[in-house]
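Because only heavy atoms are used, hydrogens play no part in the values below, and waters and symmetry mates are left out as well, while side chains stay in.
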Amino acid sequence: MLDEETMLRTKVDDLESQGRYYDMVAPLEELVAMLSVRCSGGGCHTARETPEYAAALDRLGGLHRNLGNLDRAYDIYQEAVRTSATVFGTNDPNYATTLNNYAGLQRLRKEYDQAANGYQKAEGIYNDTLGPNHVLTVSCLNNRGLLFQDQNMLSEALQLHEEALRRLQSEAGNEVAQATTLNNLASVYAKMKRYDEARTYMEQASAIYEKTVGKSSDLYLGQIHNLASMQALSGDYQGALERFEWVAQRCREMFGPRSDNLVAVLRNLDAVYQRLGMPERAAAARSELEGIQAKG
């Protein structure tokens, strides 16, 4: 018979594999609370300084960050960073990962100087322990590039993303990370209004995702949605329409007919239908969108 901790871990992992991130919050918080206290002999004692507790805190902070609960995530990451430093030491890849993730939260909070400091510290630890071409080291380069993008420092961002791609291509086995970097480059070129170059990079990334994770993955789904958005920006509305319609149908199949994941797709479909002179289809997309928004 499985113990309670194992059941919670299994539940959290299953929910994550299904993309049910909101539903993950309660069982993951319960797991964190459980890991913060261990029972032994005649009573319980606190046991917060364990790798399991540090990892669960980091995961919970990331979940709240991704759900937009930035204040809650901030409180969790404060403890996660302290715990990780105590458990692993301050020159360990596990500690660097917590710093990197925390910097991602600071970036969302527009605390750009703090985020840059966190990314640079994490990159230095990864570089010293794993080497300059390791995918985790390169992730910090990419993250610093995204930080520059947020501040409209596009030349600086482009330089970092190009260096990240060069390092990833120097070693085998980094295909998914390469695709992420190609998308980062596409984002820079789109902000520069160099849409043809942006689309080229996105198409390369799409091909990598299709080969590595398959068309059934949510990663590929998001990629095709982004590629369609790029086509629409460049004026290729017919090409964008075909991809938006495919993404909308996959969202319905994967997440249900009233899923929040459909919202952005339907908005884009509405705009493209109008551009192509299809008022009835545009009205149908708006009606479906209103039905989803009315569910709350």
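- In summary, E253 and R250 engage in a salt bridge, as defined by a charged side-chain N under 4.0 Å from a carboxylate O.
- Look at D13 and R59 and you find a salt bridge, because one of the NZ, NE, NH1 or NH2 atoms lies within 4.0 Å of a carboxylate O, short of that distance.
- Sorted by first and then second residue, the side-chain hydrogen bond (donor to acceptor under 3.5 Å, both in side chains) pairs involving residues 113-123 (not counting sequence neighbours) are E123-R144.
- For R109 and D71, the salt-bridge test passes: some basic side-chain N is under 4.0 Å from an acidic carboxylate O.
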Output side-chain donor-acceptor pairs under 3.5 Å for residues 20-28, partner residues at least two apart or in another chain, one line each.
from	atom 1	to	atom 2	distance (Å)
R20	NE	D23	OD2	3.1
R20	NH1	Q18	OE1	3.2
R20	NH2	D23	OD2	3.2

Discussion item. Does N152 form a side-chain contact (heavy atoms from CB on, under 4.5 Å) with L154? I'd like the steps, not just the answer.
Written reply: CA-CA 5 Å; N152 205 36; L154 300 183; 3.8 Å; yes
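- More than 12 heavy atoms of other residues, nucleotides or ligands lie within 6.0 Å of CZ in R286, so this atom counts as buried by the packing criterion.
- For H134, the side chain to side chain donor-acceptor pair (under 3.5 Å) test picks out no residue, with sequence neighbours left out.
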Distance-only check: which donor-acceptor pairs under 3.5 Å involve side-chain atoms of residues 201-208, not counting sequence neighbours?
from	atom 1	to	atom 2	distance (Å)
E203	OE2	R199	NE	3.1
S206	OG	M202	O	2.9
S206	OG	Q223	NE2	3.2

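- A salt bridge does not link E16 with K11: every distance from a Lys NZ or Arg NE/NH1/NH2 to an Asp or Glu carboxylate oxygen is 4.0 Å or more.
- Using a cut-off of 4.0 Å between Lys/Arg side-chain N and Asp/Glu carboxylate O, R252 and E288 are scored as salt-bridged.
- Between R107 and E111 there is no salt bridge, since no side-chain N of the basic residue sits under 4.0 Å from a carboxylate O of the acidic one.
- Here the closest heavy-atom approach between residue T181 and residue A164 is recorded as CG2-CB, 4.0 Å.
- Closest approach of A282 and Q274 over heavy atoms only: CB-CG, 3.8 Å.
- Under the ring-ring contact (aromatic ring centres under 6.0 Å, His included) criterion, the residue pairs touching residues 67-102 are Y77-Y102, with sequence neighbours excluded.
- Remark: K211 NZ is loosely packed, at most 12 non-hydrogen atoms of other residues, nucleotides or ligands lying under 6.0 Å away.
- Taking the salt bridge (charged side-chain N to carboxylate O under 4.0 Å, His left out) definition, one finds that E163 meets it with R166, R167, sequence neighbours left out.
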